Chemist: 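The following block contains the structure, expressed as structure tokens.
Here the structure is a predicted model, which means the values were calculated and not measured. In the text below, chain A, chain B and the rest are named by the order of the sequence lines, each starting its count at 1.
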Amino acid sequence: MTALFWLAAALFGIGLFGMMARRSLLFQLLSMEVMLAGPALAFVAAGAARGDAQGQGMFVLILVLAAAEVGIGLSLYLRLSRIADVSDVDTISDLKG
Amino acid sequence: MIPALTVYHLLLLVPAPALAAFMVLGLAPVFLHRRLVMLIALAGGTAPLLAMTGMMGLCLTGQCRGVAPIFTLQVGTAIVDLALLLDPLSMITGMTVTLIGACVLIYSIDYMAGAKTADLRRFFALMNLFLAAMLAMVLAGDSIVYFLGWEMMGLCSFFLIAYNVFSDPAVAAGRKAFIMSRIADALLLGGLLLLFIAAGSVRIDALIAAGLALPEGQRTVIALLLLGGALGKSAQLPFHTWLPSAMAGPTPVSALLHSATMVAAGAYLMARFAPLLAASPDVMLVMAVGGALTAAFGSMTAIFQSDVKRLLAFSSISQIGFMLLALGVGAPAAAMAHFVTHALFKSLLFLAAGDIAHSAGDDTSIAAMKGAASRRPLAFAAFTIGAASLSGLPLVTAGWWSKEEVLDAVLGSGGAGRALWVLALLTAVMTAIYAFRPVLIALKPGPVDAHPHTPGLATRIPLVLLGFGSLTGGLLVGPVIRLLGGVHPEMPAYSVVVAALAPLTGLAISWQLSRSPQLADWLAARRLLRQGLQIDVLYQAWFVQPFQRLVDRLSGVHGTTPDPFGAAPVTMMLWLKRQLIDRFRSDGFDSGWMALAGTATPLWAVARRSQSGRARDAVMALAGGTAGLLLLGWMTA
Amino acid sequence: MSLIALILLPLLGGVAALFAARLGNNAERWLSVGVLGIGLVVLVAACLGGSPDPRWLAFSRTPWAPSLGVQLLFAVDGLSAAMLALSLGLGMVAVFTSWQTNENSGLFHAALLWTVAASNGVFMSFDLLVLAFFWELMVVPSFLLIALWGHGAREASAMKFLIFNAVAGLGLLGAVFWLGASAPIVTFDAFELAKLARPAGVQTWLLAGFALAFVVKLSVPPFHAWLPDAHTDAPTAGSILLAGLLLKTGAYGLFRFPAMLFPEGYLALAPVGLVLGSVGALYGAVMACGQTDAKRLVAYTSVAHMSIVLMGVSGGVHFALMGAAVEMVGHAFSASLLFFLIGAVYDRVGTRDLRDLGGLQRTAPRFAAVFALGFSAVLAMPGTANFLGEALVITGMFQVNWIYAAIVLTALVVSVVYATRLLKEVVFGEPGPKPVTQDLGSRELSIAVVLGSATLLFGLLPQLLMTPFTPAVDAVLASLEAVRR
Amino acid sequence: MTLAVLPLGLIGLAAVVAMLLAPRGPAAAPRLAAAAGLVAAALVVLVRLPAPPAPIPPLLADDGLARFGTLVACLSALAVLGFGTARREGPALIAIVALGAAALAGAVHVTSLLLGLEIASLALVGLVVLPLTPKSLEAGYKYLLPGAAGSAALLMGAGLAYAGTGRLDLAAFHGSGSMAALATALLLAGLAFKLSLVPFHLWAPDLYEGAPPATAALAGSAAKAAVVIAILRLDAIVPAQPLWHQGLALLAIASVLLGNLAALRQPSLVRVIGYSSVAHSGYIAAMLSCGIGAAPAALLFYIAAYLPALIAALLVAASLGEAATITSLRGLAWRSPLAGATLALALASLAGLPVAAGFLAKIFLVGTLVGAEAWPLLAAVVIASGLGLFVYFRYFIVLFARDGCVVLHSPPPARAVMAVCTAALLVFGLYPGPLFGWLVLATR
């Protein structure tokens with residue numbers, strides 16, 4: 001059971017690292033999804049270990065959250081692609097200082 | 001709070017008319033015609049005499065001791081109850097004051113005819129206020145009304161002496177009189193308040209009773225304070241210098257205030273507190289010796305005077321010295337008798353001298369009196385009667401009887417009495433000398449009247465009245481002493497004879513003096529003696545100049561106030577600033593703080609750069625933060 | 001509730017006066033007089049209205065910020081009622097004296113009313129923080145009065161007045177905060193704080209803080225340096241308020257709070273008060289003799305009279321305290337009368353230098369008569385309230401120590417010297433280079449008569465003052481008695 | 001029980017109606033609908049104040065904190081409506097953010113906590129992006145991405161806590177041992193991001209600059225207040241781990257210092273307000289780190305004092321449009337007195353100067369720190385306030401300069417909100433008695 005938690009932690013870490021490492025906006029959204037998968041797995045594993053359905057419920061909630069985030073992320077992606085080079089997120093940094 | 005009315009409340013009617021006249025003349029903002037002013041003044045001046053005679057009637061018919069309470073007030077533990085008092089002493093003094101007051105006011109109607117209406121109004125207002133104040137003091141049953149009258153007299157004397165506001169000597173004389181009498185008032189106030197603390201009430205009889213109950217030491221101090229107050233007001237030796245200079249005021253003022261009534265207030269005070277003083281023998285001795293010395297000094301200095309008013313002023317000082325001598329040896333009755341007769345003949349002398357001076361173009365020097373006998377026969381006759389009564393020609397004049405009483409009392413008092421008696425006799429001789437000098441000079445032929453105008457009825461009535469009083473006053477002396485409870489001591493025959501010879505020898509010497517011119521020149525040369533042993537100059541040097549120097553040093557000669565004491569905190573602050581703040585050169589501190597502030601800018605630059613604006617950096621910061629927290633959680637679990 | 005009106009009324013009146021000035025024809029003057037008149041009516045109604053606590057004529061407590069322990073605690077007894085009446089009355093007199101047009105008179109009347117409002121606050125409040133607040137507030141409008149409408153070196157003297165009083169105010173603030181902080185419960189209510197026992201040493205230091213502020217406001221040497229300058233350069237109305245009102249707040253403070261809050265401290269510092277007062281009485285009198293500026297002379301007389309009040313207050317016996325209270329009222333009237341008259345001369349002649357004045361007796365007899373009234377008041381002539389006050393103080397001093405009584409008597413004598421000098425220079429003698437031509441107008445005469453007759457009224461009928469003051473005096477004596485045993 | 005959820009229902013209804021009216025109907029309709037719903041919700045809360053708590057067992061509590069949170073959410077949303085957003089969809093989104101904030105304020109269960117947070121955040125992203133300008137899109141993205149990371153961290157924490165204790169209400173974080181500590185750390189990270197505490201603060205200045213001032217006001221007021229209340233609830237339950245207080249203290253010190261430091265020489269008013277929101281979150285975190293759970297009245301007073309100042313300042317910035325820089329603000333007080341006075345008072349309150357409510361808030365802050373003897377925290381607060389004085393006074397003085405050109409025009413509702421905020425600041429500053437009394441009553 002602890003192996004599953006380590007897997008969840010790994011997913012979370014990979015997602016976080018992906019966000020930091022990749023410059024392209026799409027990949028950042030992708031790694032966001034991976035990151036959210038971590039806690040989902042953790043909840044399912046915990047629910048299974050305890051044998052009650054609350055873990056499953058939380059999993060569904062996290063899915064909904066992930067979907068909403070990606071939805072908004074993609075629409076932003078479309079808007080930004082018109083006005084900036086979406087492949088390199090670092091160029092979108094007018095607001096600073 | 002207003003107690004039930006008794007017959008003695010009529011006492012309120014005595015000072016009331018004079019006060020009312022003052023109110024109308026002094027304060028009413030309405031225009032008054034000249035004649036109306038005189039009428040009101042006359043009414044205010046004479047009405048108290050009528051009221052007082054009513055009171056005298058009441059007194060003579062037996063109920064002579066009565067108190068009329070005005071109102072009472074509770075102050076902490078003490079009770080303050082103001083009241084007027086009728087007793088033989090206050091009746092006699094009241095009668096004298098109202099009589100002299102009436103005569104002088106009648107006289108001044110004519111004497112002040114030359115003044116402008118506004119000044120006239122002011123003069124009569126103040127004269128009436130004085131009369132009200134003096135009567136308030138005389139009839140006071142408690143120390144507050146007493147002191148109110150006492151101080152108000154001082155105020156009126158200041159304003160009346162300085163009546164002629166344009167002559168600086170008059171104003172200066174007024175200031176000197178007021179300051180010196182204020183010193184006396186301070187001493188008296190101290191004494192009265194000490195008694196008030198002991199008695200817990202302000203009634204004079206309660207004060208005396210409490211005074212007697214006090215221990216010896218405290219009682220002596222209080223008696224000395226009261227004596228100081230009396231000496232100051234009556235211009236006795238230490239405080240006498242203000243009276244001669246007070247002659248700068250108009251003659252009616254000198255006649256009423258500075259001879260008959262106000263200056264005798266000191267004697268009245270001593271008589272009022274006689275039981276208290278009797279209980280402290282050493283103070284009595286001081287008073288007696290002081291009185292005798294003042295009498296001698298006054299009469300001696302009077303001989304050398306060149307101005308008739310100053311001569312009469314010194315004569316008043318000496319005669320009141322007699323009264324205090326009598327009080328000192330324990331004969332208040334004799335003193336008060338002498339007070340009555342002195343008031344009569346001294347005011348007569350002043351009024352006569354005033355009229356004579358008028359005829360000589362307002363020159364009051366004795367030399368100007370030459371030929372007065374022919375110019376103003378009535379005034380001259382009055383002056384002569386007055387002089388005779390002053391020197392106490394035996395049997396014929398009132399002065400003789402009262403002075404005789406005083407001399408007998410002094411002789412009979414044993415102990416130092418004998419020596420004082422001899423001194424008193426010598427003074428009597430000198431009194432006769434200076435009394436008759438102006439008379440003899442007036443007999444000599446002199447210039448004709450500058451503007452021949454026969455004195456009006458208003459001048460003649462008082463002169464006649466007072467002349468009659470000065471002659472027949474002696475008859476009053478007996479009943480007055482009996483009324484005041486004084487006992488007539490049996491004296492050996494030689495004392496009466498010697499007392500009779502003294503004025504005659506004085507007259508003879510005076511005759512001799514007026515005859516030989518070189519003696520007259522010798523007399524005029526004695527400047528030192530004329531200025532009363534220059535005690536006045538002494539005071540100026542010892543007290544006034546040092547005070548003036550202190551004032552000038554403190555407040556700067558031309559008024560720009562260095563105010564050293566006030567400037568002390570300001571200079572201290574400035575010194576502190578120099579020592580502390582300047583030492584830390586401002587840039588020392590300042591640069592310290594600015595350096596600290598300076599570090600903020602590079603830090604700000606670092607903070608600004610951290611805000612790179614890149615999304616990835618935001619996530620990295622978040623990751624770093626989470627990692628940090630996880631680490632912290634792990635360590636502290 | 002009506003007690004707060006005594007502060008709000010003049011405060012808002014001041015604001016209204018600012019705008020009323022634009023309406024013209026003396027609108028703001030009648031407004032100020034109206035406001036002060038209503039204030040008097042409210043005061044009388046409050047005093048007659050009775051209060052729950054028999055000790056006070058009127059009592060009101062409204063919480064302001066309970067978390068910080070601050071409340072509007074107002075209590076009025078005989079003494080404070082007299083002071084409030086004085087404050088409102090003299091405010092009216094000040095308004096009447098400056099009836100001629102002076103520039104931006106709106107702000108002038110606002111400053112006047114605000115000074116009255118602040119001093120009303122001081123006379124009524126028993127919450128120490130509120131007291132300290134009004135104490136500091138009082139300085140600002142009077143600073144304006146001197147700085148904007150004064151004459152001569154007005155900025156400098158206004159600044160000196162401000163610095164002296166503000167710095168002294170810090171003493172009071174420090175003591176109040178220390179007191180509040182050291183109290184177990186969070187409150188600044190004077191009655192509660194009075195109940196808490198404190199070691200004598202702390203009490204002495206606390207009283208030193210309080211006393212510093214009160215003594216500087218009372219202008220007792222060596223803290224008096226601001227008074228002569230402030231008076232010389234203040235407008236007449238300013239001088240009247242300054243002399244009649246601000247000095248009294250210092251005296252009132254010394255009378256009320258030391259004995260109530262720090263009885264042991266009071267007994268420890270009383271000799272200091274007596275010595276300071278005696279030095280001040282003599283120093284003020286002697287300085288007055290040397291002045292050539294009339295207003296400066298009267299200012300120094302105020303220094304002398306206030307030092308005598310200080311001696312009375314630190315006497316600690318019934319007579320001395322009663323004398324101090326009566327002297328406070330008497331001096332307010334006599335000083336205001338003299339300042340008013342000298343102001344009137346200054347308006348006519350343009351100078352206050354004694355060497356240029358004189359000859360009033362001939363040119364303005366009415367002036368001379370009223371001046372004589374003022375002269376006899378400053379002289380403490382019996383029959384005036386001043387004499388009553390000083391005689392009571394002297395009686396008290398005899399019970400304390402006869403030397404102090406001797407000093408006050410000497411001051412009484414020296415008072416004749418400067419009083420007669422003032423009279424000689426202004427009234428007697430030949431008219432100066434610029435003679436006073438026109439006599440007192442009816443308005444001015446009525447003001448002078450009102451002030452003069454007030455002095456005489458309280459001098460001849462002392463029970464009008466003494467009976468209302470007795471509870472205040474007994475309270476002080478009671479708190480001292482409890483400690484003396 | 002149903003009455004407790006009524007306010008949420010009303011706000012939700014307002015959001016739906018506003019969305020329906022957005023495409024068609026008169027221009028002002030959506031704003032009026034949203035405003036009506038919010039006012040109704042606020043009135044219901046006020047009416048139910050004396051009523052006893054009626055919680056919805058697992059998810060929402062109906063205690064004093066929840067009511068205060070709902071009230072603050074409704075009032076700030078109403079104030080933001082007064083800004084007058086150009087786009088027609090604005091009011092609906094504003095209502096949704098208020099709904100999220102109200103839910104978060106009442107959350108006692110992980111799911112309602114999560115839902116409240118996410119509803120508010122995502123709606124906020126929408127609001128930030130609304131003007132569709134490059135700046136707003138960038139700001140929106142830079143808020144969305146780290147936001148997602150933060151939520152993920154929070155969820156991971158919740159998961160670990162659930163694994164450890166098997167419970168999903170807030171008590172889940174109560175356990176001891178390394179697993180619970182890690183869970184609490186992740187939870188703290190997620191919440192710290194929402195409060196914009198350093199180092200999770202990088203989105204705040206950009207959002208305040210990029211987004212329209214109305215959105216920034218909403219983010220700074222409604223969202224932040226709800227998160228603080230959530231932390232308050234957690235603080236009452238989760239004191240076991242030392243990490244919680246020490247973590248908060250460290251974050252507080254960092255954000256207080258950096259917040260004021262970074263704002264020192266800022267030319268743009270909105271960025272200064274951004275940094276000041278970071279700093280004030282730091283001050284709030286400082287109070288939270290002293291274990292204020294027992295007497296939250298002081299903290300709630302701090303919020304009540306901070307919100308009107310923030311909204312007023314941003315309102316003036318909104319009225320000035322793009323040119324809200326230090327040069328354009330010169331002499332504002334003389335040319336448009338109301339705006340000038342409002343901004344001046346707001347700056348004074350943010351700096352903690354005596355007349356405005358900020359002064360008393362700062363007194364309570366210092367009082368709490370002194371009470372808890374947190375000396376390093378006190379030192380940091382004092383230094384930060386010193387720096388803060390310089391920051392705010394730079395703008396304060398400029399307001400009263402004599403010269404100046406920009407004329408400001410603000411629509412009547414904005415002027416009304418300005419007046420209300422100024423009045424609130426003055427009343428809370430000079431007469432705090434009744435407010436403080438009600439807060440103590442509410443949180444007993």
Side-chain angles (χ1 to χ4, degrees), chain B residues 1 26-27 29 71 73-78 80 118-119 121-122 144 147-152 154-155 158-159 162 165-166 168 171-172 174-175 178-179 182-183 185-187 189-190 193-194 196-197 221 547-548 550-561 563 565-570, chain C residues 160 164 221-225 227-228 279 283 286-293 296 300 318-319 322 353-354 359 361-362 365-366 368-369 372 376 379 381-383 387 391-392 394-395 398-399 402 405-406 409-410 412-413 415-417 420-421 424 427-430 445 462-463 466-467 470 473:
Chain B
M1 209 185 31
L27 302 181
F71 75 79
L73 170 73
Q74 180 76 20
V75 175
T77 53
V80 170
D119 291 344
R121 234 180 109 170
R122 182 162 57 90
I144 288 188
F147 194 74
L148 176 71
W150 182 276
E151 282 264 342
M152 205 55 84
L155 184 73
F158 163 68
F159 276 111
V165 289
F166 303 113
D168 284 347
V171 172
R175 283 189 73 192
F178 198 19
I179 293 168
R182 196 61 195 272
I183 297 174
D185 299 351
L187 297 174
L189 181 61
L193 290 179
L194 277 172
F196 168 61
I197 296 170
V221 164
F547 180 79
Q548 194 54 40
L550 173 68
V551 163
D552 289 347
R553 196 151 44 76
L554 280 183
S555 66
V557 172
H558 38 69
T560 50
T561 322
D563 186 358
F565 200 18
V570 178
Chain C
K160 198 171 180 179
F164 257 93
F223 308 106
H224 71 292
L227 187 73
V279 167
Y283 182 77
V286 167
M287 281 305 289
C289 302
Q291 299 310 317
T292 55
D293 180 318
R296 209 167 182 69
Y300 275 107
H318 183 90
F319 290 119
M322 183 59 84
D353 194 330
L354 288 175
Q361 190 66 54
R362 153 101 47 85
R366 269 205 227 159
S376 57
L379 197 53
M381 177 57 61
F387 169 75
L392 284 170
I394 295 168
T395 327
F398 270 124
Q399 292 175 327
W402 71 273
L409 285 169
T410 333
L412 217 60
V413 170
S415 73
V416 171
V417 176
T420 45
R421 176 159 178 277
K424 173 167 81 74
V427 176
F428 293 156
E430 290 303 329
L445 188 63
Q463 69 268 26
M466 289 210 206
T467 1
T470 317
V473 170

Chemist: So which part of Leu227(C) gets closer than 4.5 Å to some heavy atom of chain B, the side chain, the backbone, both or neither?
Modeler: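 Contact with chain B: none, neither part.
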Chemist: Please flag which part of Thr470(C) lies under 4.5 Å from any non-hydrogen atom of chain B: side chain, backbone, both or neither.
Modeler: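 Contact with chain B: none, neither part.
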Chemist: For Val417(C), is there any backbone N or O sitting under 3.5 Å from a side-chain donor or acceptor partner on Arg175(B)?
Modeler: yes
Chemist: Under a 4.5 Å heavy-atom cut-off, does chain C meet the side chain of Arg122(B), its backbone, both or neither?
Modeler: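 Only the side chain of Arg122(B) comes within 4.5 Å of chain C.
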Chemist: Under 4.5 Å heavy-atom distance to chain B, tell me which part of Ser415(C) shows up: side chain, backbone, both or neither.
Modeler: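 Ser415(C) touches chain B through side-chain heavy atoms alone.
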Chemist: Let me know if Phe196(B) has heavy atoms under 4.5 Å from chain C in its side chain, its backbone, both or neither.
Modeler: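 The answer is the side chain of Phe196(B).
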Chemist: Please look at Ile197(B) and chain C and tell me whether the side chain, the backbone, both or neither of the residue comes under 4.5 angstrom of a heavy atom of that chain.
Modeler: side chain
Chemist: Considering only heavy atoms, which portion of Pro222(C) lies under 4.5 Å from any heavy atom of chain B: side chain, backbone, both, or neither?
Modeler: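 For Pro222(C), heavy atoms of backbone and side chain both lie under 4.5 Å from chain B.
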Chemist: Determine whether the aromatic ring centres of Phe147(B) and Phe387(C) lie less than 6.0 Å apart.
Modeler: yes
Chemist: With sequence neighbours excluded, tell me which residues meet side chain to side chain contact (heavy atoms under 4.5 Å, CB included) with Glu430(C).
Modeler: Phe166(B)
Chemist: Please classify the contact between Ile183(B) and chain C as side chain, backbone, both or neither, with a heavy-atom cut-off of under 4.5 Å.
Modeler: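 Looking at Ile183(B), backbone and side chain both touch chain C.
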Chemist: Within the distance-only criterion (no hydrogens, no angle test), does the side chain of Arg421(C) pair as donor or acceptor with the backbone N or O of Gln291(C) below 3.5 angstrom?
Modeler: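 Side chain of Arg421(C) to backbone of Gln291(C): a pair is present.
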